[in-house]
Each structure stands twice: as structure tokens, then as C-alpha cells.
Amino acid sequence: MRVPFLDLNRQLEAIRDEITAEIQWVLQNSSFILGPQVTAFEERFAKLHATKYCCGVNSGTSALHVTLKALGIKPGDEVSVPVLTFVATAWATSYCGAKPVFCDILENTATMDPQSVEKKITERTKAVIVVHLYGQACEMETIGDICKKHDLMLVEDCAQAHCAEYRGQRVAGFGVAGCFSFYPGKNLGAYGEGGAVLTNDESLDRKIRKLRDHGQSERYHHDSIGFNYRMDGLQGAVLKVKLNYIEGWTEQRRLAAQKYHRALKGVVLPGEKSDCRHVYHLFVVRHPNRDLLAHKLSQKEITTGLHYPKPVHLQAAYADLGGKRGDLPVSEAWADECLSLPLFPELTDNEIDYVVENINAMAGAGQL
Ligand SMILES: *Cc1c(COP(=O)(O)O)cnc(C)c1O
């Protein structure tokens with residue numbers, strides 16, 4: 001049996017007619033950039049996460065950048081970021097000319113370690129970006145308290161955490177802003193690039209709206225140096241359709257994860273916190289012989305992924321900051337041992353069983 005890591009076609013089959021109708025509308029109305037589809041999506045996406053405002057942009061990376069820019073992050077500032085994340089979390093800080101301060105993660109859940117954040121705070125630290133990695137919220141109470149105590153702005157990178165919850169509250173509203181990605185493989189995926197910033201702060205939302213559209217207050221009147229970070233009408237239309245399904249898809253992800261949790265043996269399972277609603281963007285296990293396990297699974301036609309094999313502080317792009325192996329040991333161990341198993345809403349029970357049987361046979365029988 002061939003088990004793909006992700007198969008977007010299965011989802012498309014279920015919604016093709018609705019998507020086609022929406023795309024036709026956009027074409028017929030030449031509503032290619034922003035427009036009513038984007039506005040409708042923004043309103044519904046804000047509601048979904050119980051925030052007041054949503055500003056659609058053209059990627060998760062843009063969402064993070066435009067947020068830090070609107071918050072006034074500038075050269076000389078420091079922003080705390082975890083190193084086990086997609087590198088764009090750190091890019092946003094660098095784009096503003098500020099310095100990312102690299103923090104470690106917790107052993108059990110791979111989410112940001114509050115103590116690591118607090119230890120590295122200096123008088124230059126202005127903000128903390130938490131990443132709700134793999135779809136599970138960070139320790140928001142502790143991190144929120146740290147931010148309050150040190151007067152830091154809290155930004156949530158929610159790129160992997162659509163509809164995730166911490167103590168019954170959806171992510172994105174814990175700090176000043178929540179940044180989302182709609183990269184096609186994310187829990188809510190566009191058919192191209194897309195992103196959004198959610199906030200409860202009206203003046204921040206206004207600033208972000210202006211910055212995404214060339215800093216214009218009205219056409220050809222530019223108040224500040226802005227960006228072209230506008231969301232496409234086509235992506236707004238696609239995302240609006242998909243919003244009708246996201247809750248169901250999320251439940252299917254959680255069910256698939258539960259099946260893995262109950263049946264897998266011989267690998268370290270991902271920690272799931274009882275006070276969080278984990279939305280399982282990824283199901284990441286650990287094994288000391290990760291590369292061999294991945295190789296053997298690929299021989300059985302099971303595709304896996306690595307999230308992420310090289311922590312941000314060890315990336316060549318950040319060599320000038322002097323990061324080295326040993327600096328952030330928990331993140332480094334995760335990077336060495338992590339393996340992401342196939343998981344998407346349409347993954348079948350047979351496919352899950354096949355993955356489980358193979359892993360249990362390999363890891364359990366000392367073949368690794
Ligand atoms: C995907 C992702 C991003 C970047 O989003 P893009 O839409 O690809 O620019 C940022 N942070 C995290 C944690 C992500 O997973």
C-alpha cells in the first residue's frame with residue numbers, strides 16, 4: 001500500500017463544485033486583488049478565532065513581517081523566537097533589522113520553553129513570538145505572565161494552529177496579534193500563497209491594513225513605506241469555501257492522531273496537553289535512529305517528513321549570530337530524532353493501520 005504524507009486531491013474532490021463556482025465569480029467580476037471575497041473571508045476567519053479583526057495578506061511570512069513592522073520593531077531591538085520552527089518565524093525579525101534571540105523548547109511538546117525565554121530577556125527585548133508548533137498551543141499563561149512582567153509584546157505564530165485552543169480559548173487572541181499561513185499544506189490551505197493577521201486592537205489592524213497595501217491611506221497617497229502584501233481575490237474565495245469545512249477537518253485530524261496514539265509502539269509519541277485542543281497539523285514522533293526508520297518506511301511506500309531537521313540557530317543564514325551545536329540542546333535533539341507521519345483529514349483507517357503495523361514491526365522488533 002502507498003501512503004502519501006499529504007494528499008490534497010482527496011479534499012479537492014469533496015469541494016470541487018463549490019470551489020469552481022467561487023472561482024468563476026472572481027473571474028467574472030475581475031475581483032483579483034482583495035475585494036468582497038477577501039473581506040467576507042476576513043470577517044469569518046476573525047469570528048472563528050473570536051478576535052475582532054482579521055487582515056488577509058499574501059503569506060504567513062508577510063503576516064509576521066507586517067505585524068512586527070506595525071508594532072514598531074526596528075534595528076537595535078531583540079525579539080525572542082524558538083529555534084524548532086519554520087525559519088520564517090525568525091525572518092520577520094530580521095526583515096525589521098532587529099535581532100532574533102533564539103530560545104529552546106520543552107522536551108515533551110516541542111513548544112517554546114518559557115524559562116528559556118525569560119533567561120534571555122535583555123533591556124533590548126521588545127517582543128516574543130510564540131509558535132504553536134505542530135498544532136498545539138504554547139504555555140500561554142506562563143509566557144503571558146513573563147511578557148507582562150517585562151513589558152514585552154506577545155505575537156503568536158499560528159501558522160500550524162488554525163482552531164487550536166488553550167484552556168478553551170482559541171489561539172491568536174492571547175497577545176497583540178496572531179499570524180496565520182494558508183500555504184496549501186496547512187490545516188487551512190489556499191490554492192497558492194496566503195496569510196492573515198488576527199488582532200483585537202483596532203489601531204494595530206488599521207496600521208497593518210495600510211502597510212499591506214503600499215502604506216496608502218487613499219489611492220496614491222502613501223503615509224509610510226508599505227508593502228505589496230495584499231491577499232488575492234481567488235485565494236479569499238477558496239479560503240471562504242474551505243471555512244465551512246475546517247471544524248470537521250480538524251476533528252478528523254484529531255481522530256487520526258488518537259488512533260496513532262493508541263496503537264503505535266517503539267517510538268516516542270508527541271505529548272498532548274490536557275488543557276489544549278491540539279489540531280495536529282503534524283503528527284511528530286521521535287526515534288534515535290530516525291533516518292533509518294524513515295528510510296525503511298519509504299521502502300514500504302510510506303512517505304514521512306522532517307519538521308525540522310536543522311534548528312534556526314544552526315542555519316547558515318544566521319551564522320553571523322554565532323549559534324553553535326550545544327546552545328539549545330532540547331531543540332537540537334528534537335531536530336535529530338523527529339519524524340512526521342502521514343496525517344491529513346482524509347487519511348483512511350486502513351492507511352493508519354498500515355503505518356502503525358510497519359512502525360511497530362520495525363521499532364518493536366529491534367530492526368532499527
Ligand atoms: C508555514 C509557516 C510559516 C510561513 O508561512 P508561509 O505562508 O509559508 O509564508 C511561518 N511559521 C510557521 C510556524 C509555519 O509553519
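Each residue takes its place number in the sequence, starting with 1. Whatever order the structure lists ligands and atoms in, that order sets their numbers, starting from 1. From a predicted model like this one, the values you see are computed outputs, not experimental measurements.
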Heteroatom distance test (T61, ligand 1): nitrogen or oxygen, under 3.5 angstrom: yes

Counting only nitrogen or oxygen atoms and a 3.5 angstrom limit, does F182 reach ligand 1? no

Centres of the [X] and [Y] rings: under 6.0 Å?
X: F86; Y: W91; result: no
X: F344; Y: F5; result: no
X: H65; Y: Y229; result: yes

Enumerate the atoms of ligand 1 whose separation from the nearest heavy atom of [X] is less than 4.0 angstrom.
X: V131; result: 13 (C)
X: T89; result: 11 (N)
X: T85; result: 13 (C)
X: S59; result: 7 (O), 9 (O)
X: Q160; result: 13 (C), 15 (O)
X: G60; result: 5 (O), 6 (P), 7 (O), 9 (O)

From E193, K186, H281, H65 - option closest to atom 2 (C) of ligand 1 by heavy atom: K186

Checking heavy atoms under 4.0 Å, the part of A159 that sits near ligand 1 is side chain

Within the 4.0 Å heavy-atom cut-off, what D157 brings close to ligand 1 is side chain

Whether R209 and E42 form a salt bridge (side-chain N of Lys/Arg under 4.0 Å from carboxylate O of Asp/Glu) is what I want to check. yes

Salt bridge check, E118 against K149: does any charged N sit closer than 4.0 Å to a carboxylate O? yes

Side-chain donor-acceptor distances from residues 255-269 under 3.5 Å, at least two apart:
{"residue": "K259", "atom": "NZ", "partner": "D349", "partner atom": "OD1", "Å": "2.6"}
{"residue": "Y260", "atom": "OH", "partner": "P342", "partner atom": "O", "Å": "2.7"}
{"residue": "H261", "atom": "NE2", "partner": "Y280", "partner atom": "OH", "Å": "2.9"}

Separation between CD of Q235 and CG of L34, rounded to the nearest 0.5 Å: 12.5 Å

